[in-house]
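Presented below is the structure to which this report refers.
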Amino acid sequence: MKEFKILAINPGSTSTKISVFQNETLIMEKTLRHSSEEINKFEKITDQFEFRKNVIIEAMDEAGIKIEDLDAVVGRGGLLKPIPGGTYEVSENMIEDLKVGILGEHASNLGGIIAKEIADSAFAPSFIVDPVVVDEMNDVARISGMPEIERKSIFHALNQKATARRAAAEMGKAYEDVNVIVAHLGGGISVGAHEKGRVIDVNNALDGEGPFSPERTGGLPVGDLAKLCFSEKFTLDQIKKKIKGHGGIVAYLNTNDARDVEKMIEEGNEEAKLVYDAMAYQVAKEIGSCAAVLKGKVDAIVLTGGIAYSKMITTEISERVSFIGDIKIFPGEDEMTALAEGALRVMKGQEVPKKYEV
Ligand SMILES: Nc1ncnc2c1ncn2[C@@H]1O[C@H](COP(=O)(O)OP(=O)(O)OP(=O)(O)O)[C@@H](O)[C@H]1O
Ligand SMILES: CCCC(=O)O
């Protein structure tokens, strides 16, 4: 059987992770860290394209892996127009939307752009898989209550879908045959209701919905937020930063690292305990909402992301939601494998790549 060599690229805000797979086997893995000095030279995230591409090429060179030997390159997809989940061919219109930041700036916008550039030089195809804008929401979930504002699906689609598939496999079933609630607990938090392979409702993890997280406020009491916006104390940029970046745990406790918070709690800091408990409480409430979305038919609840390593948090959440269904804990995120698997399904002819035609 033909073996495929696949390069997966996952650009984050301060690092670019790269992995090379020979079919399912990982043969090289590297996290290329970028100092704030290097990154801050660039005005926009997409301006970092040449810099990050060159760093990847150097790392491949050092590892002795030739670009021309690659059979495909896959990147984490960014803030595109809303699309259903799956593996997409990188196309010119996609590149345009990623470059202009059609839905905003995000490090993952670079994933598709760099993947295409490197793949083109190897005369190989390039893909993105389950970008953060995967939108499979039911229409009823789009209604916010204010006609000027529609709810949007922006979440950790890549890790949510990969862990939901893994939960289904553990239950001996296909993803398309189960109902799963996935709570991704990372720097941002998203909680999605997966109904037979479609994420029919999920909080917009990037822009003030759902539970608060280490760096984001999640949903807020809107009347009070409106008053704050018109208090003339803050600019729009400052308010946006309060919602995403400087909100949530970091605003209360001055750290975005859950491990620091646990240390504070162990040392008797009561405020830290209250804030940490509140985050777990809000995640549990969101899981409860998703159970209602799925009409109580829940095969499993998955807790994933970096904070799912925390026994304190997973215990606190489990106490409130275990009545809904079995809880599976998959700590961390395996986005590199998820990217490679998405590309492999296409290369092996198991899935037809989707076209970005919106
Ligand atoms: N062993 C651990 N125990 C508790 N918390 C942990 C542990 N390891 C990592 N974390 C926490 O996980 C959080 C980061 O999670 P993760 O790495 O999933 O986020 P990210 O990739 O930066 O952001 P996102 O998941 O939103 O894309 C941090 O708050 C970190 O403190
Ligand atoms: C919302 C998806 C990814 C992120 O947390 O930035």
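By convention here, the first residue in the shown sequence is residue 1. Every number for a ligand or one of its atoms is a count from 1 in the order of the listing. Bear in mind the structure is a predicted one, so any value in this text is a computation, not a measurement.
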Is [Y] paired with [X] through a side-chain N to carboxylate O contact shorter than 4.0 Å?
{"X": "D260", "Y": "K263", "result": "no"}
{"X": "K66", "Y": "D61", "result": "no"}
{"X": "D207", "Y": "K152", "result": "no"}

Closest protein heavy atom to [atom], given as residue, atom name and distance to 0.1 Å:
{"atom": "atom 31 (O) of ligand 1", "value": "D257 OD1, 2.6 Å"}
{"atom": "atom 21 (O) of ligand 1", "value": "E333 OE2, 3.1 Å"}
{"atom": "atom 6 (O) of ligand 2", "value": "H106 NE2, 2.8 Å"}
{"atom": "atom 18 (O) of ligand 1", "value": "G306 N, 3.0 Å"}

For [X], take its heavy atoms, then give the atoms of ligand 1 lying under 4.0 Å from any of them.
{"X": "G188", "value": "26 (O)"}
{"X": "Y309", "value": "1 (N), 2 (C), 3 (N), 7 (C), 8 (N)"}
{"X": "H184", "value": "24 (P), 25 (O)"}

query: Does E270 CD have over 12 foreign heavy atoms under 6.0 Å away?
result: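 Open.
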
Min N/O separation A258 to ligand 1 under 3.5 Å: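 Min N/O separation from ligand 1 is below 3.5 Å for A258.
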
- prompt: So is P214 polar-close to ligand 1, meaning N/O to N/O under 3.5 Å?
  reply: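 For ligand 1, there is no N or O atom that lies under 3.5 Å from one belonging to P214.
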
I18 and its side-chain contact (heavy atoms from CB on, under 4.5 Å) partner, picked from R52, E29, K30: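 Testing each of R52, E29, K30 against I18, the sole residue satisfying side-chain contact (heavy atoms from CB on, under 4.5 Å) is K30.
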
- prompt: Is it true that the NZ or CZ of K5 lies under 6.0 Å from the centre of F21's six-membered ring and within 45 degrees of the ring axis?
  reply: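 No, K5 does not lie over the aromatic ring of F21.
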
- prompt: When you look for heavy atoms under 4.0 Å from ligand 2, do you find them on the side chain of R216, its backbone, both, or neither?
  reply: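 Just the side chain.
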
- request: Could you check L158 against L339 for side-chain contact (heavy atoms from CB on, under 4.5 Å), going step by step and ending with a plain yes or no?
  value: CA-CA 8 Å; L158 186 59; L339 285 172; 3.7 Å; yes

- prompt: H156 heavy atoms, cut-off 4.0 Å: which ligand 2 atoms fall inside?
  reply: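 Matching atoms, with element in brackets: 2 (C), 3 (C), 4 (C), 5 (O).
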
- prompt: Against heavy atoms of V132, which atoms of ligand 2 measure under 4.0 Å?
  reply: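 The list of qualifying atoms is 2 (C), 3 (C).
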
- prompt: When the ring planes of H156 and H184 are compared, do they come out parallel, tilted or perpendicular, using 30° and 60° as the limits?
  reply: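 The arrangement is parallel - the two ring planes meet at less than 30°.
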
Closest by any non-hydrogen atom to [atom]: pick that one out of [options].
{"atom": "atom 11 (C) of ligand 1", "options": "N256, I307, T314", "value": "I307"}
{"atom": "atom 30 (C) of ligand 1", "options": "E215, R259, R76", "value": "R259"}
{"atom": "atom 27 (O) of ligand 1", "options": "R216, K311, M312, H156", "value": "H156"}
{"atom": "atom 22 (O) of ligand 1", "options": "S190, S15, G187", "value": "G187"}

query: Mind checking whether M137 and I200 have side chains closer than 4.5 Å, heavy atoms only?
result: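 Not touching, per the 4.5 Å side-chain cut-off.
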
Donor-acceptor pair between N138 and R198 side chains, under 3.5 angstrom: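 A donor-acceptor contact under 3.5 Å links the two side chains.
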
